[in-house]
Peer 1: 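Pasting in a structure now, in structure tokens, and then I'll have a few things to ask.
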Amino acid sequence: MPEPKLLLIPGPSPVVPRILDALARPTVSHVGPEMARDLREACENLKKIVFCANGEPFIVAGAGTLSMEMALLNTAGPSDRVLVVSQGYFGQRMAQICAAFGLSHDVLECEWGRAVTPAELEERLRAKNYNVVVCTHVDTATGACAPVEDYAQVLDKSGAVFIVDGVCATGGIAERMDAWGIDVVLTAAQKCLGTPPGLALCVFSEAAMDKRRGLAAVPAYYSDVLRWLPVMHDPAKYFSTPCVNEIRAFAEATRIVLEEGLEERFERHGLHAEALRAGLAAQGFAFFADPRFEASTLSVVRYPDGVEDQAFRAGLAARGVVVAGGLGPTAGRVFRMGHMGNLTSAQVRLAIDAVEATLLALGRPVEAGAGRRAVDAVLKA
Ligand code: PMP
């Protein structure tokens, strides 16, 4: 087997052996006691990860896009108006989902690289009422992080259901559902939670569940949360066969998150982001996101003049590190580096060394060791 490469794309993130082992153990009955134990624990842990005491978690085979659909279709009815607060690619996707299901919606967007400000949101809400407001926590195309807590404050008295797409944030950046007043966090397993792709994850607040129960029907079958609720309460019940190995792996992933400690994990994501950006800046790179909005889960990195995207990423992959190209209008001008999940400081150092070796091989004039020294200065501080 070829030597595995360090996967620093913006998800999936590298999967640690404990989680891979859980995935590889023999498949068990989807309605048996082992599965029931893992699903129950995963549900409880998922609620802890988003700081939700009394809501309902849903763990379903799929990926982030399914959880986006689940969140919207179970909270927005035919007479509701949805506001999509978008800072990039995945806000646009949210609007596409609204359009696909005929949900009445508006998009409040900003230029790529920053997030909509709370003042802009407030101004829109003064002009028009919305029943559902959805935002992207971190847009994976731009590396911009939205001020979710401030949005929640603005929305506090509006009565709107507040949905947060945490696919590129949950488990790496705080999302305090109860304290801030978030109604739904939707997310996926493969980014800050460090599990292989394959799960759509949602946590609904009690208010969001009330909203679902108040809708006569939803344009969904597999993603109707009321069909999944009995299974989440009692995994011995059958609705649609859960992916038992993936759920077992996810249960292990949530144990790892809680063993590290949530606050410690958020801090580590911040530290690794700072270290990598210091290293990359010392190597001559600049960043796409406005510094006021930079996410701690990924960096969108601008190439200096003369560094060609394909050659750089191929060279880096040959040295054992995989990063992603730009999405949409940034394609060819940036690379995207994920730094989320169960990344270690040793992996951060390895990545920056591989970038230096790649630049030198491409004939760039980089000062030997400058990136590594900048990384070490942050990690040791
Ligand atoms: N939202 C965000 C913020 C994302 O980053 C992604 C995936 N990159 C998605 C939604 C969609 O998730 P998936 O690819 O798992 O369907």
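All ligand and atom numbering here is 1-based and tracks the order in the structure.
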Peer 1: So, the side chain of R364 versus the backbone of G284: is there a donor-acceptor pair under 3.5 Å, distance only?
Peer 2: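 Between the backbone of G284 and the side chain of R364 there is no qualifying donor-acceptor contact (under 3.5 Å).
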Peer 1: For D376, is there an ion pair with R372 - N to carboxylate O distance below 4.0 angstrom?
Peer 2: yes
Peer 1: Is D309 salt-bridged to R313, cutoff N-O under 4.0 Å?
Peer 2: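 Yes, charged N to carboxylate O under 4.0 Å.
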Peer 1: Does any N or O atom in T65 lie less than 3.5 angstrom from one in ligand 1, N or O only?
Peer 2: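 Checking ligand 1 against T65, an N or O pair does fall under 3.5 Å apart.
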Peer 1: Applying a heavy-atom cut-off of 4.0 Å, say which part of V167 lies close to ligand 1: side chain, backbone, both or neither.
Peer 2: side chain
Peer 1: Nearest to atom 1 (N) of ligand 1, what protein heavy atom do you find, and at what distance?
Peer 2: D165 OD2, 2.6 Å
Peer 1: Taking 4.0 angstrom as the limit and counting only heavy atoms of T136, give me the atoms of ligand 1 inside it, by number and element.
Peer 2: 3 (C)
Peer 1: Is the closest heavy atom of K191 to ligand 1 under 4.0 Å?
Peer 2: yes
Peer 1: Parallel, tilted or perpendicular, judged at 30° and 60°: which one describes the rings of F335 and Y303?
Peer 2: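 It falls in the tilted class, 30° to 60°.
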Peer 1: Check this for me - ligand 1, T140, N or O atoms closer than 3.5 angstrom, yes or no?
Peer 2: yes
Peer 1: Which residue supplies the protein heavy atom nearest to atom 12 (O) of ligand 1, what is that atom called, and how far is it?
Peer 2: G64 CA, 3.4 Å
Peer 1: So, 4.0 Å and heavy atoms of V138: is ligand 1 close enough to count as a contact?
Peer 2: yes
Peer 1: Please state which option from E69, Q190, M68, M94 has its nearest heavy atom closest to atom 14 (O) of ligand 1.
Peer 2: Q190
Peer 1: Name the orientation class of the two ring planes belonging to W228 and Y222 (parallel below 30°, tilted from 30 to 60°, perpendicular beyond 60°).
Peer 2: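 Rings of W228 and Y222: perpendicular, over 60°.
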Peer 1: Among protein heavy atoms, which sits nearest to atom 6 (C) of ligand 1, and what does the distance come to when rounded to 0.1 Å?
Peer 2: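 Result for atom 6 (C) of ligand 1: F90 CE2, 3.3 Å.
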Peer 1: Taking only residues two or more places apart in sequence or in another chain, which ones pass salt bridge (charged side-chain N to carboxylate O under 4.0 Å, His left out) with R93?
Peer 2: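 Testing R93 for salt bridge (charged side-chain N to carboxylate O under 4.0 Å, His left out), a comparison that skips the adjacent residues, returns none.
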Peer 1: I'd like to know if the side chain of R265 pairs up with that of N342 as donor and acceptor (distance under 3.5 Å, no hydrogens or angles considered).
Peer 2: yes
